[in-house]
Amino acid sequence: MPDTIFARILRGEIPCHRVYEDDHVLAFLDINPLSRGHTLVIPKQIAATLDQLSDESAAALGRALPRIARAVMAATGTRDYNVLQSNGARAHQAVFHVHFHIIPKADDGSGLGIGWKPQQLDDAEARKLAADLSGRLAAA
Ligand code: 5GP
């Protein structure tokens, strides 16, 4: 697995503005924020995408994210925010170490812009897909 800028931050080779750390999680300010308070939350586990995470890392992230979100909202005075987590280059992932963005949506409009192009869910296809997914999850 290739080294990443976030692995280097974890090793202390590159500085960051750290906001939170525990045994499994580190959070720090994004170097190119979309809005004030834009924070990155990463596992200490070296993993490129979310599906590769251990249960332990996933649980630690799940525990930390709402806490960090509360702090970001309190510090920025913002109520609205997005949590963005991208996997793979086509999904706009640039750093191949799992990370969650917490991005306040400020009154001035700064924050995450979303292009959302919904399609119609076909009922027959949805039944097949849901059965496929639930079967896989039951076996996991
Ligand atoms: P992605 O597009 O992979 O979801 O987002 C990667 C994020 O990492 C970007 O928002 C970018 O600004 C941030 N980033 C890249 N390099 C560094 C760095 O060296 N330090 C910090 N704090 N953030 C970085």
Side-chain angles (χ1 to χ4, degrees):
M1 167 137 178
D3 204 15
T4 67
I5 199 97
F6 292 171
R8 297 188 65 198
I9 287 174
L10 282 169
R11 294 199 298 268
E13 296 168 8
I14 293 177
C16 70
H17 294 283
R18 185 174 61 179
V19 302
Y20 175 81
E21 183 167 13
D22 64 30
D23 288 348
H24 300 285
V25 175
L26 178 70
F28 51 91
L29 297 181
D30 194 295
I31 203 165
N32 293 128
L34 291 181
S35 58
R36 182 168 178 268
H38 182 166
T39 299
L40 297 172
V41 184
I42 71 171
K44 291 187 174 177
Q45 180 186 348
I46 302 299
T49 56
L50 187 71
D51 49 282
Q52 297 171 359
L53 283 182
S54 67
D55 284 354
E56 199 174 31
S57 289
L61 284 163
R63 188 168 178 271
L65 277 163
R67 294 178 177 200
I68 299 165
R70 283 193 288 273
V72 170
M73 293 312 103
T76 58
T78 315
R79 280 181 42 210
D80 298 346
Y81 63 100
N82 293 96
V83 176
L84 176 70
Q85 200 283 312
S86 305
N87 301 278
R90 256 176 292 190
H92 303 287
Q93 184 178 12
V95 177
F96 292 94
H97 181 114
V98 177
H99 54 281
F100 292 76
H101 298 256
I102 298 176
I103 310 168
K105 192 72 183 176
D107 288 345
D108 65 4
S110 63
L112 183 67
I114 299 179
W116 191 277
K117 297 178 185 161
Q119 303 171 24
Q120 195 67 40
L121 181 65
D122 176 78
D123 195 51
E125 160 61 7
R127 280 174 206 266
K128 267 174 46 186
L129 183 56
D132 183 14
L133 288 169
S134 58
R136 289 174 191 276
L137 286 163

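Position 1 is the first residue of the sequence, and the numbers go up from there. Atoms within each ligand, like the ligands themselves, are counted from 1 in listed order.
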Would [X] count as being in polar contact with ligand 1, using the rule that some N or O on each side must be under 3.5 angstrom apart?
X	answer
Val95	yes
Leu29	yes
Ser86	no
Phe6	no

Please report the shortest heavy-atom distance between [X] and [Y], naming the atom on each side.
X	Y	result
Ile68	Ala27	CD1-CB, 3.7 Å
Tyr81	Pro104	CB-CA, 3.8 Å
Leu10	Pro43	CD1-O, 3.8 Å

Is a side-chain N or O of Gln45 found less than 3.5 angstrom from the main chain of Ala47, in a donor-acceptor match?
no
So do the side chains of Ile9 and Phe28 get within less than 4.5 Å of each other, counting heavy atoms only?
yes
Give a yes/no on ligand 1: does [X] have at least one heavy atom closer than 4.0 angstrom to it?
X	result
His99	yes
Leu84	no
Phe96	no
Arg8	no

Atom indices of ligand 1 within 4.0 angstrom of [X] heavy atoms, with elements:
X	answer
Leu40	8 (O), 13 (C), 23 (N)
Phe28	21 (C), 22 (N)
Gln93	3 (O)
His101	1 (P), 4 (O), 5 (O), 7 (C), 10 (O)
Ile9	20 (N)
His92	1 (P), 2 (O)

Between Asp3 and Arg11, does at least one N-O distance fall below 4.0 Å, as a salt bridge requires?
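Arg11 and Asp3: salt-bridged.
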Between Lys128 and Asp132 (salt bridge meaning N to carboxylate O under 4.0 Å), is one present in this structure?
no
Does only the side chain of Ala94 get under 4.0 Å from ligand 1, or the backbone, or both, or neither? Count heavy atoms.
both
When the ring centroid of His99 is compared with that of His97, is the distance short of 6.0 Å?
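For His99 and His97, the ring centres are not under 6.0 Å apart.
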Does a sphere of radius 6.0 Å around CD in Glu21 hold more than 12 heavy atoms from other residues, nucleotides or ligands, not counting ones at 6.0 Å or beyond?
yes
Greater than 12 external heavy atoms within 6.0 Å of Asp22's CG
yes
Regarding Gln85 and Asn87, is there a side-chain donor-to-acceptor distance under 3.5 Å anywhere?
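There is such a pair between these side chains.
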Among all protein heavy atoms in this structure, tell me which lies nearest to atom 17 (C) of ligand 1, with the distance rounded to 0.1 Å.
Ile31 CG2, 3.7 Å
Starting from atom 16 (N) of ligand 1, what is the nearest protein heavy atom, named by residue and atom, and what distance separates them?
Ile5 CG2, 3.9 Å
Tell me the nearest of Asp30, Asn32, Ile103 to atom 7 (C) of ligand 1, using heavy-atom distances.
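Nearest heavy atom to atom 7 (C) of ligand 1 lies in Asp30.
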